[in-house]
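Bear in mind that the values here come from a model prediction, so they are computed numbers and not experimental data. Protein chains get the first letters and strands the later ones, always in sequence-line order, with residue 1 at the start of each.
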Number of protein chains: 2
Amino acid sequence: MNFSTSEENYIKAIYHLQHSTELVTTNELAAELQTKAASVTDMLKKLKAKKILNYEPYQGFTLSEEGRKVALGIVRKHRLWEYFLVQNLGFGWDEVHEIAEELEHINSPILIEKLDAYLSFPKFDPHGDPIPDINGKMEVTKQINLIDLELNREAEVSAVGSQSTELLELLRHKNIGIGTVLEVIRKFSFDNSIEIRIKNFPPFSISQQLAQTLFVNPVYGSTIVGSIS
Amino acid sequence: MNFSTSEENYIKAIYHLQHSTELVTTNELAAELQTKAASVTDMLKKLKAKKILNYEPYQGFTLSEEGRKVALGIVRKHRLWEYFLVQNLGFGWDEVHEIAEELEHINSPILIEKLDAYLSFPKFDPHGDPIPDINGKMEVTKQINLIDLELNREAEVSAVGSQSTELLELLRHKNIGIGTVLEVIRKFSFDNSIEIRIKNFPPFSISQQLAQTLFVNPVYGSTIVGSIS
DNA sequence: ATTAAAATTTAGACAAATCTAAATATTTTT
DNA sequence: AAAAATATTTAGATTTGTCTAAATTTTAAT
Ligand SMILES: [Mn+2]
Ligand SMILES: [Mn+2]
Ligand SMILES: [Mn+2]
Ligand SMILES: [Mn+2]
């Protein structure tokens, strides 16, 4: 089965929304795609007819098994192209999302397999998100939100929770990227800001909003103040 | 000004048709795009309104100066992507046209400039066609049609006149590609077939139809039987 | 349990791109 | 120069994707 660019954008958006809330609602999807609820309803009917969706009027919806496979295929294309743009063409990680948003709709399975091989089968995109393989399988990372990282525990930034230009611009300014090793020095309850230190740099503080979009992997064996042995 | 995929396909097709006949006609364009004359007329009005076309009803049409620039931009994208697909991803030169037909519509000037640099600014695509630079300038080759090549004059295949799968499949079977050095041994007036020899291989003959789609550059200083000095 | 608010769907309209069939203009043949 | 053939345009319909406004359903509040 083939899908239009518009259908693909809906399918991918539903896939992403399902990660937070199991059952997706019409308004959520309309907000995500910056369109109107009525347009969403129209597309829901269409996708249900194509057996991509489990959907009953007024009851919310989820992707069918088939729909999930389609979504993973689009995510795979998106993230492989992003990897190519950053690693090969020299784009910054904050410049590639819009372009990948177009490239993900190029329809050529053989192209994607050759691209994947050319890139040596990368497992993560420039934002730390896992790239599904041709069967839809991808690495699961046991990453945690920076908010939940214990004090004085070194951790490596593994992913960011949004691709907005504004966020990526801020991260660039603060010299935080995928792979950055940092630790949390203090947490301030007044505004939930936290003070962090990047390895070999002076500490500085970041807002709660920023901390919430950062995901990290604690570095194995790093010093935990007060821990025994 | 921005253009839809459909508008871009029309603009590029008109550009290509103008190479053979200065003034393009509605039916020619309809045949080229495999659509109906009525659809073409609709689009002609639209493109004229956007000042892309010189067009008066019933009188044929040509691209305006602006239209030519737009066309060259699309051709540039198409050929750069083809070059990438063959040189970097390992596609055969007969497999890339359809994919480039999609990729040429990705809208990101910076992407194309970075791709061009990544490929080291190639001057010709895998079919021997010149790649316009960012200003629309491209190398002009003094290539001639194989039909017009004098006997026993070595020449290098520089371009093919069509990207049809059928043609490229036949060329592959006969081991003819861009860069192949060959000479014409005999011409048969019965069916206008010609006998050629690829360097270091036994001679064989090709049909008139095939010879007409091949363009060659005579090799400088090659032996011309019967020529003086 | 009603009422009010919010979410969702339906109805009807619109723009883009296409098509078929009919009308009109141009070119070619007699 | 008229008739026939061909090319092109117009008229009206269709599909896809979108929108606004109205109707309906669900959820939350009194
Ligand atoms: Mn997209
Ligand atoms: Mn990404
Ligand atoms: Mn195209
Ligand atoms: Mn080409």
Begin with the C-alpha distance, continue with both residues' side-chain angles, and end with the deciding distance and a verdict on side chain to side chain donor-acceptor pair (under 3.5 Å) for Ser193(B) and Asp191(B).
CA-CA 5 Å; Ser193(B) 68; Asp191(B) 59 359; 2.8 Å; yes
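The side chain of Asn27(A) contributes no N or O atom lying less than 4.0 Å from OP1 or OP2 of dA6(C). The side chain of Lys45(A) places an N or O atom within less than 4.0 Å of a non-bridging phosphate oxygen (OP1 or OP2) of dT10(C). Phosphate contact (OP1/OP2 of dC19(D), side-chain N/O of Thr35(A), threshold under 4.0 Å): present.
Heavy-atom distances under 4.0 Å link DNA chain D to Ser4(A), Ser6(A), Tyr10(A) of residues 4-12 of chain A, given in residue order.
Considering only side-chain atoms of Gln59(A), the nucleotide from dT26(D), dT20(C), dT10(C) that sits closest is dT26(D). Nearest to the side chain of Met43(B), among dT9(D), dT18(C), dT20(D), sits dT18(C).
Nearest approach of Val86(A) to Trp93(A), heavy atoms of both residues: CG2-CA, 4.0 Å.
In this structure, the CG atom of Asp42(A) is 12 Å from the C1' atom of dG12(C), given to the nearest Å. Residue Tyr58(A) contributes atom OH, which lies 12 Å from atom C1' of dA6(C) at whole-angstrom precision. Atom-to-atom, CD of Glu56(B) to P of dT8(D) comes out at 15 Å; the value is rounded to the nearest Å. Atom CG in Leu53(B) sits roughly 11 Å away from atom P in dT9(D) (whole-Å rounding). Between the CD atom of Glu28(A) and the P atom of dT9(C) there is a distance of 13 Å, given to the nearest Å. One interatomic measurement links the two molecules: CZ of Phe3(B) to C1' of dA16(C), which rounds to 16 Å at whole-angstrom precision. Whole-Å rounding puts the Tyr55(A) OH to dT9(C) P distance at 3 Å. Look at NZ on Lys36(A): it is 12 Å from C1' on dA21(D), rounded to the nearest Å.
Using modelled atom types and a 3.5 Å distance limit, the side chains of His127(B) and Glu82(B) yield a donor-acceptor pair. Side-chain N/O atoms of His97(A) and Glu101(A) include a donor and acceptor closer than 3.5 Å.
The pair Glu113(A)-Arg76(A) meets the salt-bridge criterion, since a charged nitrogen lies less than 4.0 angstrom from a carboxylate oxygen.
Side-chain contact between Ile144(A) and Val216(A) is present, with heavy atoms from C-beta onward closer than 4.5 Å.
Checking side-chain atoms of Lys187(B) against main-chain N and O of Ile147(B) turns up a donor-acceptor pair under 3.5 Å.
Here Ser39(A) lies in heavy-atom contact (under 4.0 Å) with a base. Residue Thr26(B) is classed as a sugar-phosphate contact, given heavy-atom separations below 4.0 Å to backbone atoms only. Among the atoms of the strands shown, none is found under 4.0 Å from any heavy atom of Phe61(B).
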